[in-house]
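Take a look at the structure set out below.
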Amino acid sequence: DVGYAPEQPVEYSHRLHAGELGISCQYCHTSVENAAHANVPATQTCMNCHSQIRTESLKLLPVRESWATGESIPWVKVHQLPDYARFAHNVHVANGVGCETCHGRVDQMEVVSLQEPLSMGWCLECHREPELYLRPNVEITTMGYVQPTDFVERNVERIREESILPPTNCSACHY
């Protein structure tokens with residue numbers, strides 16, 4: 001389903017927020033370091049700014065209504081896995097897998113779309129050769145991160161030192 005970009009209840013521009021304004025992924029998706037699931041931001045997160053900025057925008061009416069009523073905004077999930085598969089954001093983030101690796105350059109997307117197949121084969125490519133995909137943890141949310149020329153050697157050393165061993169057995173990801 002690469003290219004899948006469902007219509008959302010609020011037009012939210014990642015290009016503006018993550019790109020032009022430089023808001024970190026983790027400002028909105030606060031749980032990626034500590035939880036298996038990445039959270040969809042609460043209305044409070046939007047209102048931290050929008051209680052003062054663009055307070056009369058018709059595009060933000062659903063956000064203000066959510067804030068007033070306490071009803072959640074019914075966001076449509078873009079990155080979906082089958083029910084029989086599990087994925088832990090916190091494990092991947094802690095081991096150097098950048099947001100961009102799976103989600104693409106969201107800082108350039110007006111509307112978020114599925115950029116990678118998220119298939120078993122695609123995941124296994126990384127699990128079998130993680131040295132080709134890891135980056136320093138301080139660069140996890142950096143969009144457009146450019147690997148240094150010796151990144152494979154650095155990653156091989158990191159994998160050895162930190163005992164990073166991505167599983168390739170079925171039960172690691174399947175119930």
Side-chain angles (χ1 to χ4, degrees), residues 1-6 8 10-50 52-54 60 63 72-73 75-81 85-119 122-123 125-127 129-159 161-166 173:
D1 292 336
V2 171
Y4 173 66
Q8 298 290 352
V10 178
E11 291 181 35
Y12 181 86
S13 171
H14 277 79
R15 179 181 296 153
L16 171 64
H17 292 86
E20 291 176 36
L21 299 176
I23 298 172
S24 171
C25 306
Q26 291 175 308
Y27 180 77
C28 299
H29 304 285
T30 57
S31 68
V32 296
E33 278 188 307
N34 305 312
H37 299 286
N39 63 300
V40 173
T43 303
Q44 171 65 54
T45 303
C46 304
M47 292 302 291
N48 287 342
C49 297
H50 289 297
Q52 300 173 44
I53 299 168
R54 305 214 187 279
L60 294 172
V63 175
S72 296
I73 298 170
W75 298 106
V76 180
K77 193 170 183 175
V78 176
H79 300 83
Q80 301 180 52
L81 292 179
R86 64 176 159 243
F87 173 87
H89 271 90
N90 55 338
V91 171
H92 288 80
V93 168
N95 286 290
V97 180
C99 305
E100 178 183 1
T101 303
C102 303
H103 298 288
R105 291 292 305 272
V106 295
D107 64 317
Q108 297 176 349
M109 296 180 200
E110 193 61 36
V111 175
V112 170
S113 64
L114 186 62
Q115 297 294 300
E116 299 294 344
L118 307 182
S119 64
W122 182 80
C123 293
E125 284 179 25
C126 185
H127 278 228
E129 294 185 291
E131 64 275 8
L132 301 179
Y133 301 95
L134 303 183
R135 58 173 76 180
N137 284 16
V138 297
E139 301 290 352
I140 293 299
T141 62
T142 301
M143 294 286 134
Y145 175 71
V146 177
Q147 293 278 20
T149 55
D150 65 341
F151 80 97
V152 172
E153 293 82 11
R154 289 183 189 192
N155 283 340
V156 167
E157 181 64 19
R158 176 183 181 182
I159 289 165
E161 286 178 2
E162 297 178 24
S163 298
I164 297 173
L165 301 168
C173 303

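Since this is a predicted model, take the numbers as computed values, not measurements.
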Might you confirm whether atom CZ of Arg54 has over 12 heavy atoms from other residues, nucleotides or ligands at distances under 6.0 Å?
-> no

So CD of Gln147 and CG of Leu132: to nearest 0.5 Å the spacing works out to 9.5 Å

Do you know the tightest heavy-atom contact between Tyr145 and Glu100?
-> N-OE1, 3.6 Å

How long is the gap from CD on Glu153 to CD on Glu131, to the nearest 0.5 Å?
-> 10.0 Å

Residues, nucleotides or ligands: over 12 heavy atoms within 6.0 Å of Asp1 CG = no

Side-chain donor or acceptor of Asn137 paired with backbone N/O of Gly96 under 3.5 Å = yes

Closest approach of Asn95 to Arg158 (non-hydrogen atoms, all atoms of both residues) | C-NH2, 3.4 Å

Would you say the side-chain atoms of Arg154 pair up with the backbone N or O of Pro148, donor to acceptor, closer than 3.5 Å?
-> no

Work out which heavy atom in Lys77 is nearest to a heavy atom in His79; give both atom names and the distance.
-> CE-O, 3.1 Å

Atom of Leu60, atom of His50 and distance for their closest heavy-atom approach = CD1-ND1, 3.3 Å

Donor-acceptor pairs under 3.5 angstrom involving side-chain atoms of residues 105-113: please list them, not counting sequence neighbours.
from, atom 1, to, atom 2, distance (Å)
Arg105, NE, Asp107, OD1, 2.9
Arg105, NH2, Asp107, OD2, 2.8
Glu110, OE1, Ser13, OG, 3.3
Glu110, OE2, Ser13, OG, 3.0
Ser113, OG, Gln115, NE2, 2.6

Aromatic rings Tyr12 and Trp75: how do their planes relate, parallel, tilted or perpendicular, breaks at 30° and 60°?
-> perpendicular

With no hydrogens and no angle check, is any side-chain donor or acceptor of Thr141 less than 3.5 Å from a backbone partner on Cys25?
-> no

For Val32 against Ala38, the heavy-atom pair lying closest together = CG1-CB, 3.5 Å

Spacing of CG belonging to Asn39 relative to OG1 belonging to Thr45, to within rounding of 0.5 Å | 7.5 Å

Using the six-membered ring wherever Trp is involved, compare the ring planes of His103 and His89 and label them parallel, tilted or perpendicular (cut-offs 30° and 60°).
-> parallel

Aromatic rings His29 and His14: how do their planes relate, parallel, tilted or perpendicular, breaks at 30° and 60°?
-> parallel

Hey, what do you get for SG (Cys126) to CD (Glu116), rounding to the nearest 0.5 Å?
-> 10.5 Å

Distance-minimising heavy-atom pair for Trp122 and Thr101 = CZ2-O, 3.7 Å

Please tell me if the side chains of Tyr133 and Val97 come closer than 4.5 Å, counting only heavy atoms from C-beta onward.
-> no

For residues His17 and Tyr27, determine if any side-chain heavy atom of one lies less than 4.5 Å from a side-chain heavy atom of the other.
-> no

Can you establish whether the number of heavy atoms outside Glu11 located under 6.0 Å from its atom CD is more than 12?
-> no

With rounding to the nearest 0.5 Å, note down the distance linking CG in Leu81 to CG in Leu118.
-> 6.0 Å

If we only count heavy atoms from C-beta on, is the Thr43 to Ser72 side-chain gap below 4.5 Å?
-> no

